[in-house]
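Worth knowing before you read on, the calculation uses all heavy atoms, side chains too, and leaves out hydrogens, waters and symmetry mates.
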Amino acid sequence: MAAPHDVPDAAQLVAAVRQFLEADVLPAVEGRVRFHTRVAINVLGMVEREIELGPAQAAEHAERLAGLGVGSDAELATRIREGRADDPALLAALTAAVRAKLDVANPGYAAQ
């Protein structure tokens, strides 16, 4: 697919900033600035994973919702509030959705 932007793309730019913070900034700072640098590194890692995994995850989520006969998360929430949460397919879909979120937010956690 043709992209409207040249290299580096968004993922490469985010990776470059994360690597700069890890390699150059983190070793040179301490205390509060070090803590916030670590937070920034983690956030950029999440952004990288969302850029990489997000499109496929969105398609899979839409497919799961369609399989449950709902068109949105709001409709899914309504179904749960109505007491129809005992459906094994619903539980499987919710589990898959949480795993996808963990794959972006904290991939190590899902492996535990």
**Student:** How many angstroms lie between atom CZ of Arg99 and atom CG of Leu102, to the nearest 0.5 angstrom?
**Tutor:**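 So the gap between those two atoms works out to 8.5 Å.
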**Student:** Would you please name every residue forming a side-chain contact (heavy atoms from CB on, under 4.5 Å) with Arg32, sequence neighbours left out?
**Tutor:**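 With sequence neighbours excluded, Arg32 shows a side-chain contact (heavy atoms from CB on, under 4.5 Å) to His36, given in chain and number order.
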**Student:** If I take atom CZ from residue Phe20 and atom OG1 from residue Thr37, how far apart are they, to the nearest 0.5 angstrom?
**Tutor:**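 Rounded to the nearest 0.5 Å, the CZ-OG1 separation comes out at 9.5 Å.
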**Student:** Just grab all the side chain to side chain donor-acceptor pair (under 3.5 Å) pairs involving residues 66-75, residues at least two apart or on different chains.
**Tutor:**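 Every pair satisfying side chain to side chain donor-acceptor pair (under 3.5 Å) with a residue in residues 66-75: His61-Asp73.
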**Student:** Please tell me whether Val47 and Ile41 are part of a single hydrophobic cluster in this structure, the criterion being side-chain heavy atoms less than 4.5 Å apart.
**Tutor:**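 Linked within one cluster.
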**Student:** With Asp103 as reference, evaluate Gln57, Arg49, Glu52 under the side-chain contact (heavy atoms from CB on, under 4.5 Å) test and give the passing residue.
**Tutor:**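 The side-chain contact (heavy atoms from CB on, under 4.5 Å) with Asp103 is passed solely by Gln57 among Gln57, Arg49, Glu52.
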**Student:** Partners of Leu91 by side-chain contact (heavy atoms from CB on, under 4.5 Å), sequence neighbours excluded?
**Tutor:**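 For Leu91, the residues satisfying side-chain contact (heavy atoms from CB on, under 4.5 Å) (neighbours in sequence not counted) are Thr95.
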**Student:** Which side chain to side chain donor-acceptor pair (under 3.5 Å) pairs, counting each pair once, include a residue from residues 10-25, with sequence neighbours left out?
**Tutor:**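 Residue pairs passing side chain to side chain donor-acceptor pair (under 3.5 Å), neighbours aside: Arg18-Glu22, Arg18-Glu48.
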**Student:** Does any part of the side chain of Glu50, heavy atoms only, come nearer than 4.5 Å to the side chain of Met46, both counted from C-beta?
**Tutor:**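 The answer is no; the side chains never approach within 4.5 Å.
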**Student:** Who clusters with Leu94? Use side-chain heavy atoms, under 4.5 angstrom, across I, L, V, M, F, W and Y, and order the result by chain and number.
**Tutor:**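 Leu94 shares its hydrophobic cluster with Leu65, Leu68, Val70, Leu76, Ile80, Leu90.
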**Student:** List for me each residue that meets salt bridge (charged side-chain N to carboxylate O under 4.0 Å, His left out) alongside Glu30, sequence neighbours excluded, and say none if there are none.
**Tutor:**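 None.
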**Student:** What about Leu26 and Leu44, same hydrophobic cluster or not, with Ile/Leu/Val/Met/Phe/Trp/Tyr joined at side-chain heavy-atom distances under 4.5 Å?
**Tutor:**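 Both belong to a single hydrophobic cluster.
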**Student:** I'd like to know whether Leu13 forms a side chain to side chain contact (heavy atoms under 4.5 Å, CB included) with Asp9, so could you lay out the CA-CA distance, the side-chain angles of the two residues, the decisive distance to 0.1 Å, and finally the verdict.
**Tutor:** CA-CA 6 Å; Leu13 291 168; Asp9 64 19; over 6 Å; no
**Student:** State plainly whether one hydrophobic cluster holds both Val14 and Val104, where clusters connect Ile, Leu, Val, Met, Phe, Trp and Tyr through side-chain heavy atoms under 4.5 angstrom apart.
**Tutor:**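 In one cluster with Val14: Val104, no.
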